[in-house]
Number of protein chains: 2
Amino acid sequence: MPDRDRRAALDAAIELTYFGYRGFVAMPDRLLGERGLGRAHHRILFFVARLDRPTVGEIQRTLAVTKQALAGPLRDLKRQGLVAWTSDERDARVRRLSLTRPGRALEARLSALQRRHYAAIFAAGTPGDEAGWRAVMRRLAAGELAASGRDPP
Amino acid sequence: MPDRDRRAALDAAIELTYFGYRGFVAMPDRLLGERGLGRAHHRILFFVARLDRPTVGEIQRTLAVTKQALAGPLRDLKRQGLVAWTSDERDARVRRLSLTRPGRALEARLSALQRRHYAAIFAAGTPGDEAGWRAVMRRLAAGELAASGRDPP
DNA sequence: CAGAATAGGTCAATCTCCCTGACCTATTCT
DNA sequence: AGAATAGGTCAGGGAGATTGACCTATTCTG
């Protein structure tokens, strides 16, 4: 393949990343907008749901934001009764976050939109497509995962 | 595979999308920051470079933003001498955008970072990985591409 | 040819989301 | 006792996007 074709193929990959991300967030954004919440709230809900009673600091490191950037959306979620926090048994300074029943319900609805989206996309291709996609995405995410201290999914 | 494993695999796909996107924008963001530019400017540079003398309206539809949201960054780019505009020959209302020499140089540097990133990632896997990744991303991007009036890459 | 439609620019107010910096409490470690 | 850690909060600011209104040029149409 001539260089210019390979270059065009790599440009297409950049473009796919951009439009793909937009496609990924479009549906949850609509649902969130109805409740006066944003993407920041969704990210918190998602990782609180996945991380098994994470501390505030764990969420902060995972999202790579400052505690001030976290405090606002987190306060919204507490006020709406979607997130609960309890003091850690061993270290009373540490707050462990969890989802309330309505919090779980909303998180489930939001993430279900994205899971179904991916389920449909993977089902429309071959198993190799999904495996290849995951292999590429793992490499793309590698640096950020390491910086966040997450286990590679 | 039990349902809960498939669900966890789909959750992992969501997580990969989030961290993957962060990995994708990390390097250009650093370079842009040094010049007082942001991601919005990069998106404009990228699509002006790829779209062959696009009009302002074409860029606006491609990025799915309002003309006011476009005007600010576009003015910055004009003032820094990175983007030039000329009136269309046939319709004098229409402005066609193009990159100046320094604009092409900056765009090339920024996009080269992302092209090399993808080139390294694709080279580290099998050709099937790349093909699978593209197949999945095309489906993920499909709705947004259609809404933007772009040809699927 | 008059009037509507289109392409684009601009001003203003507002919003989300994130940032830095400073300061505070409570708790635990040394 | 004093330092370090986890977390919360206030102040100020900036980037990027929104809606709404209004403006100029230019082209299309009845």
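Just so it is clear, the model here is predicted, and its values are computed rather than measured. Lettering follows sequence order; numbering is per chain, from 1.
Taking atom CG on A/Leu97 and atom C1' on D/dG8, their separation rounds to 13 Å, with Å as the unit. For the pair A/Ile44 CD1 and C/dT16 P, the computed distance is 14 Å after rounding to whole Å. Residue B/Arg93 contributes atom CZ, which lies 8 Å from atom C1' of C/dA5 at whole-angstrom precision. The CG atom of B/Asp29 sits 14 Å away from the C1' atom of C/dC19 (whole-angstrom rounding). Taking atom CD on A/Gln60 and atom P on D/dA6, their separation rounds to 10 Å, with Å as the unit. Atom-to-atom, CG of A/Asp76 to P of D/dG8 comes out at 14 Å; the value is rounded to the nearest Å. If you take CG of A/Leu70 and C1' of C/dT16, they are 15 Å apart, rounded to a whole angstrom. Across the protein-nucleic acid pair, A/Trp85 atom CH2 and D/dG7 atom C1' stand 12 Å apart, rounded to whole Å.
Judged by closest nucleotide on DNA chain C, B/Gly57 is the one of A/Lys67 and B/Gly57 placed further toward the 5' end. Of the residues near DNA chain C, A/His41 and B/Thr55, the one whose nearest nucleotide (by heavy atom distance) lies more toward the 5' end is B/Thr55.
Looking at B/Gln114 and B/Met27, their side chains never come closer than 4.5 Å, going by heavy atoms from C-beta outward. With a 4.5 Å cut-off on side-chain heavy atoms, A/Leu37 and A/Leu82 count as touching. Side chains of A/Phe122 and B/Arg6 form a contact here, defined as non-hydrogen atoms less than 4.5 Å apart.
Pairing each heavy atom of A/Leu99 with each of A/Glu107, the nearest pair is CD1-CB, 3.9 Å.
Base pairing of C/dT20 is made with D/dA11, judged by Watson-Crick or G-U wobble geometry with both donor-acceptor distances under 3.5 Å. Judged by Watson-Crick or G-U wobble contacts below 3.5 Å, the nucleotide C/dT30 has D/dA1 as its partner. Nucleotide C/dG3 forms a Watson-Crick or G-U wobble pair with D/dC28, both donor-acceptor distances falling under 3.5 Å.
When the side-chain nitrogen and oxygen atoms of B/Lys78 are compared with OP1 and OP2 of C/dG9, one or more of them lie within a distance under 4.0 Å. Within the structure, a side-chain polar atom (N or O) of B/Thr66 is placed less than 4.0 Å from OP1 or OP2 of D/dT18. A close approach under 4.0 Å does not occur between any side-chain nitrogen or oxygen of A/Arg96 and OP1 or OP2 of D/dA6. Note on B/Arg61: every side-chain N or O is 4.0 Å or more away from OP1 and OP2 of C/dG8. For A/Arg75, a side-chain nitrogen or oxygen approaches OP1 or OP2 of D/dT9 to under 4.0 Å.
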Subject >> B/Tyr18 and A/Phe47: CA distance, side-chain angles, deciding distance, ring-ring contact (aromatic ring centres under 6.0 Å, His included) verdict >> reply: CA-CA 11 Å; B/Tyr18 173 63; A/Phe47 282 108; 5.7 Å; yes

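For B/Asp91, taking side-chain heavy atoms from C-beta onward, the closest of the listed nucleotides D/dT26, C/dC19, C/dG8 is D/dT26. Ranking C/dG8, D/dT9, D/dG7 by closeness to the A/Val56 side chain, first place goes to D/dG7.
By the 30° and 60° cut-offs, the orientation of the rings of A/Tyr21 relative to B/Tyr21 is parallel.
Using a 4.0 Å heavy-atom criterion, one finds that A/Ala40 contacts the sugar-phosphate atoms exclusively.
Taking 3.5 Å as the limit, the base of D/dG12 and the side chain of A/Gln68 contain no donor-acceptor pair of atoms between them.
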